[in-house]
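A, B, ... follow the sequence lines: proteins, then strands. Residue 1 opens every chain.
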There are 2 protein chains.
Amino acid sequence: MSFNLLKANFLKHTSLTDDELNSINHYYEERQVDKGEYILRQGDICRFEGFVTKGCFEISTTDSQGNERILYFAAQDWWVMEIDSFISQTSSELDIKAIEPSRLLVITKTDKEKLYQEVPKAERLFRVMSQRAVVAWQRRLIRNHTMTAEERYFHFLKTYPEISQRITNKQIASYLGITQEFVSKIRKKNLSRGK
Amino acid sequence: MSFNLLKANFLKHTSLTDDELNSINHYYEERQVDKGEYILRQGDICRFEGFVTKGCFEISTTDSQGNERILYFAAQDWWVMEIDSFISQTSSELDIKAIEPSRLLVITKTDKEKLYQEVPKAERLFRVMSQRAVVAWQRRLIRNHTMTAEERYFHFLKTYPEISQRITNKQIASYLGITQEFVSKIRKKNLSRGK
DNA sequence: ATCGTTTATTGAACTAGTTTAAGGGTTTTG
DNA sequence: CAAAACCCTTAAACTAGTTCAATAAACGAT
């Protein structure tokens, strides 16, 4: 059952009683999304916070020259939202698209506020989750400054082996901030060595 | 008075009663730091969370080849800590050094936990702060992927005009993830145009 | 003031990664 | 199943940013 995934995710971050867990879960609703379907587009206001239970999403920006840059992938057990747009209910700078048939548990902005009031412990839960997210983003920035494209490519394959196999090289390139052609070169160069 | 800066910072993120503010402030202690002094070194455990009231700090990593990479600067009104090391009390990957004679309000890990218990609203406060931090780190990553070094340089000058004037070009270069020499070239190229 | 150290600038040679273009392969869709 | 659309690879030409080295300028400690 999908809610169990969500519960397990919550318990990774803080301890919660069964009552608290049930109250929290109560606010989430499952939603199915087709492959290729956008659940948010640049310019829209993000009215949900989602937890992926199946499939995979791609979170990206498109710059002025029309280049798509993938910020991250969200597969099972990941959170997906435009955090800035969701918290301040302003226009989104990101697109969110399902890249596989997917399912998510969603909560609306108003329900999220109700949830914080009904279950104060949820503040702690999301505080801890957000702090861990800060760590992850900082680490990624450091990697971009200290590692070469080739190192970052193999780091990605090693860190996300399952996701790597479900996406195209073009998507990996976009995530790493390099071109598809350069990923091809890296792969060719390392063909012999079983990297 | 320094605590007023801290209070004002808290109130930017959520509403708090005077009682709550006073309880929170009570846990913070002011500390003075000399120019050049490290308040944290790679490998140490970060036992404090600091709020800068005067001066400026540099938060950096040193990679295997001995290159220092500056992750961010923290001047007045910024938070300074090794967030990963502080929350999980593990060995720090970052150095934190005062680059001017500075002052900060610090809270220890144990006092921070006490604070969360005494003032439950603090969970909300730091939840909101952390979420905003996530937004900022995401945006910076996107800028690194979509803007050239030159664009990032001028974006930095424009976004942090006061800090820009207090640090060296070498430090800006390190923050931007480029070389000092390339910053020189960018500056030379743009000398005429009053950029 | 002065010595030593760190920083800024410049230029030449270099390289990691891009661009453009073309051909072949694989999905997706009707 | 065919057409369209997208993806992957390759190669040649290019460019943004680096490296190295040398000199001048600014800063900090005594």
Side-chain angles (χ1 to χ4, degrees), chain A residues 34-38 55-56 58 60 62-70 73 97-101 143-157 163-192 195, chain B residues 34-38 55-56 58 60 62-70 73 95 97-101 143-157 163-192:
Chain A
D34 291 336
K35 179 172 177 172
E37 189 179 338
Y38 282 82
C56 190
E58 170 194 292
S60 61
T62 304
D63 68 19
S64 45
Q65 288 112 65
N67 303 310
E68 179 186 271
R69 297 291 183 167
I70 297 175
F73 301 100
K97 182 174 78 173
I99 57 174
E100 295 177 1
R143 284 198 300 277
N144 278 326
H145 280 185
T146 53
M147 294 165 70
T148 63
E150 183 168 343
E151 287 166 340
R152 268 145 52 213
Y153 174 72
F154 287 112
H155 179 271
F156 181 82
L157 295 194
I163 294 180
S164 302
Q165 275 154 7
R166 290 150 69 184
I167 61 180
T168 65
N169 291 336
K170 196 188 175 191
Q171 287 170 313
I172 298 182
S174 173
Y175 173 91
L176 296 175
I178 58 178
T179 60
Q180 189 183 178
E181 290 87 346
F182 197 62
V183 166
S184 262
K185 278 192 199 174
I186 293 171
R187 287 158 58 84
K188 192 187 178 189
K189 188 181 152 201
N190 291 277
L191 261 190
S192 37
K195 262 185 161 173
Chain B
D34 290 337
K35 178 171 178 174
E37 189 179 336
Y38 282 82
C56 190
E58 170 194 293
S60 62
T62 304
D63 68 19
S64 44
Q65 289 112 66
N67 303 310
E68 179 185 272
R69 297 292 184 166
I70 297 175
F73 301 100
D95 286 313
K97 181 174 79 175
I99 56 174
E100 295 177 0
R143 284 198 301 276
N144 277 327
H145 281 186
T146 53
M147 295 164 71
T148 63
E150 183 168 342
E151 287 165 340
R152 269 145 52 214
Y153 174 72
F154 287 112
H155 179 272
F156 182 82
L157 294 194
I163 294 180
S164 302
Q165 276 154 7
R166 290 151 68 184
I167 61 180
T168 64
N169 290 336
K170 195 188 175 190
Q171 287 170 314
I172 297 182
S174 174
Y175 173 92
L176 297 175
I178 59 178
T179 60
Q180 188 181 180
E181 290 89 342
F182 197 63
V183 167
S184 262
K185 280 192 197 173
I186 293 171
R187 287 158 58 84
K188 192 186 178 190
K189 188 181 152 200
N190 290 278
L191 262 188
S192 39

Could you check how far [atom1] of [X] sits from [atom2] of [N], rounded to whole Å?
X	N	atom1	atom2	result
A:Glu181	C:dT20	CD	P	10 Å
A:Asn67	C:dT19	CG	C1'	12 Å
B:Leu191	C:dT10	CG	C1'	13 Å
A:Ile172	D:dC7	CD1	C1'	13 Å
A:Gln180	C:dA22	CD	C1'	14 Å
A:Arg152	C:dA16	CZ	P	14 Å
B:Lys185	D:dT19	NZ	P	12 Å
A:Asn169	D:dC6	CG	C1'	13 Å

request  = Quantify the bending of the helix from C:dA1-D:dT30 to C:dA22-D:dT9 as the angle between its end axes, each fitted on five pairs, to 10°.
outcome  = 60°

ask   = Is A:Ser184 touching bases, backbone alone, or none of the nucleic acid, heavy atoms closer than 4.0 Å?
value = base

task = State whether the side chain of A:Asn67 and the backbone N or O of A:Asp63 hold a donor-acceptor pair below 3.5 Å, judged by distance alone.
result = no

key: Any donor-acceptor N/O pair, A:Arg166 side chain to A:Gly55 backbone, under 3.5 Å   = yes

ask   = Considering only side-chain heavy atoms of B:Ile178, which listed nucleotide, C:dG17, D:dT18, D:dC8, is closest?
value = D:dT18

inquiry  = Can you identify which nucleotide, out of D:dT18, D:dT9, C:dT18, has its nearest atom closest to the B:Thr179 side chain?
reply    = D:dT18

request  = Check whether any side-chain heavy atom of A:Ile167 lies under 4.5 Å from a side-chain heavy atom of A:Glu58, and answer yes or no.
outcome  = no

Identified side chain to side chain contact (heavy atoms under 4.5 Å, CB included) counterpart of A:Ile172 within the set A:Leu157, A:Ile70, A:Ile178 = A:Leu157

ask   = Going from CZ on A:Phe73 to OG on A:Ser164, what distance comes out if it is rounded to the nearest 0.5 angstrom?
value = 9.0 Å

key: Heavy-atom closest pair, residues B:Ile99 and B:Lys35   = O-CE, 3.7 Å

task = Please report the C-alpha distance between A:Thr168 and A:Gln180 in whole Å, then the side-chain angles of each, then the deciding distance to 0.1 Å, and finally whether the side-chain contact (heavy atoms from CB on, under 4.5 Å) criterion is met.
result = CA-CA 10 Å; A:Thr168 65; A:Gln180 189 183 178; over 6 Å; no

request  = Look at A:Arg187 and D:dC8 and indicate whether a side-chain polar atom (N or O) is within less than 4.0 Å of OP1 or OP2.
outcome  = no

